[in-house]
Amino acid sequence: MERLLLIDVVASVAVLALWYVVFSHYNRKKGAAALRWVQNACAGKGRILESRWMGNSRLQARIHFPSRWFENARVTMKFRPRAVPIQWLMSCWHKQKETLTFEADLDGSPSFQLEVMRHRWCAHNRGVSSRKRDDREWDIYEPGPVILTTRTHWKQDPSAELNALMSARRQDILQVHFRPESPQFSATVRLDALADPNAAAEFVSALREIAAGASTHRQ
């Protein structure tokens, strides 16, 4: 009995070890591909200086841009933690997305904090019969942009806020942050959205557009 138990333990450890090696390698292959997507998107505008793994599901890379719009630029890619079965199952359960976050300092420090978040909501009716449908119909409205900021006075003028909102909407950017402290600017996008070279190039262009808008607003 003890021998069978020992065999089961050894077999379980071997399976977990094999799982860890295989899916760590898978994440690293996916990370290498994602770095190529970023480098191709930055062609002629910036280049990757170095990259390093932070655990088995997070990859960070420093990027150099010749323009003064971005300083201390870096990207952080978050993959599903496939190497650890429990963490992987939890990420699947919560439907976590694999994302890329771009962070950088701007030419001048913003004097405000701003967070733009993009969320989508959907609803459906759960098999309500036609006889009761009139009592359970929903009216659906599309809300306008919602801005949360630390400013005490809001100015209705073309500014970094509006540029951030419009660029986030066009490029399907999930989050945009402005803050006075470093990193002063960050933007998050779904990682798989960068697999298309055109979409990746448009994402980089959107970042430059947002930074340019912020610089103009400070003048």
Side-chain angles (χ1 to χ4, degrees), residues 30-55 57-79 97-119 145 147-151 158-219:
K30 195 166 186 179
L35 286 177
R36 289 194 296 271
W37 299 342
V38 173
Q39 184 61 73
N40 291 336
C42 294
K45 304 172 185 176
R47 59 188 177 87
I48 295 177
L49 297 179
E50 63 177 3
S51 62
R52 64 189 180 99
W53 281 92
M54 306 169 66
S57 61
R58 183 174 298 191
L59 175 61
Q60 191 173 90
R62 291 198 306 117
I63 304 178
H64 172 71
F65 287 92
S67 170
R68 294 180 59 191
W69 286 341
F70 296 128
E71 300 176 359
N72 304 319
R74 66 176 182 264
V75 294
T76 301
M77 306 174 197
K78 294 181 180 179
F79 303 91
K97 302 291 185 182
E98 294 184 317
T99 60
L100 178 144
T101 299
F102 176 87
E103 297 175 308
D105 293 329
L106 301 175
D107 189 27
S109 176
S111 59
F112 58 90
Q113 290 190 7
L114 168 70
E115 181 175 355
V116 181
M117 293 179 292
R118 182 183 178 92
H119 291 283
I147 300 177
L148 303 178
T149 179
T150 57
R151 286 183 174 177
S159 61
E161 293 89 337
L162 298 183
N163 287 332
L165 285 170
M166 293 302 101
S167 294
R169 184 172 183 177
R170 289 198 304 271
Q171 304 302 327
D172 204 16
I173 297 175
L174 302 177
Q175 288 184 326
V176 174
H177 288 181
F178 286 98
R179 58 181 70 86
E181 65 276 3
S182 182
Q184 297 161 355
F185 167 69
S186 68
T188 301
V189 68
R190 289 184 298 106
L191 187 61
D192 57 8
L194 303 181
D196 178 24
N198 293 331
E202 289 175 1
F203 173 63
V204 174
S205 297
L207 297 180
R208 292 167 62 90
E209 180 181 343
I210 294 172
S215 298
T216 301
H217 180 69
R218 286 191 298 269
Q219 295 175 358

- Which heavy-atom pair separates Ser186 from Thr101 by the least distance, and what is that distance? CB-CG2, 4.4 Å
- Item | Flag side-chain contact, heavy atom, 4.5 Å: Val38 against Met77 | yes
- Calculate, to the nearest 0.5 Å, the distance between atoms CZ and CD1 belonging to Arg47 and Ile63 respectively. 11.5 Å
- Of all heavy-atom pairs linking Gln39 and Gly46, the shortest is NE2-O, 3.4 Å
- How close do Ile48 and Leu35 get, heavy atom to heavy atom, and via which atoms? CD1-O, 3.5 Å
- Query: Do Leu59 and Ser51 touch side chain to side chain, with heavy atoms closer than 4.5 Å?
  - Reply: yes
- Query: Does the side chain of His64 come within less than 4.5 Å of Arg62's, by heavy atoms?
  - Reply: no
- Message: Just checking Phe102 against Phe203, ring centres under 6.0 Å apart?
- Response: no
- Query: With Asp192, which residues qualify under salt bridge (Lys or Arg N to Asp or Glu O under 4.0 Å), at least two apart?
  - Reply: Arg190
- Query: Going through the checks in order, is the side chain to side chain contact (heavy atoms under 4.5 Å, CB included) test met by Phe70 and Leu207?
  - Reply: CA-CA 9 Å; Phe70 296 128; Leu207 297 180; 3.9 Å; yes
- Query: How many angstroms lie between CZ in Arg58 and CH2 in Trp53, if you round to the nearest 0.5 Å?
  - Reply: 11.5 Å
- Item | Side-chain touch Asn40/Pro197, heavy atoms, less than 4.5 angstrom | no
- Roughly how far, to the nearest 0.5 Å, is CD of Glu181 from CG of Asp105? 10.0 Å
- Please confirm whether the backbone N or O of Leu191 pairs with a side-chain atom of Glu98, one donor and one acceptor, at under 3.5 Å? no
- Message: To the closest 0.5 Å, what do you measure between CG (Asn72) and CD (Gln184)?
- Response: 9.0 Å
- What is the minimum heavy-atom distance between Ala193 and Ala199, and which atoms define it? O-CB, 3.3 Å
- Any side-chain heavy-atom pair of Phe185 and Val176 under 4.5 Å: yes
- Message: Are Trp37 and Leu100 packed together at the side-chain level, in the sense that at least one heavy-atom pair is separated by less than 4.5 angstrom?
- Response: no
- Item | Where Phe79 and Gly31 come nearest, the two heavy atoms and their spacing | CZ-CA, 3.5 Å
- Straight-line distance of Arg52 CZ to Arg74 CZ, nearest 0.5 Å: 9.0 Å
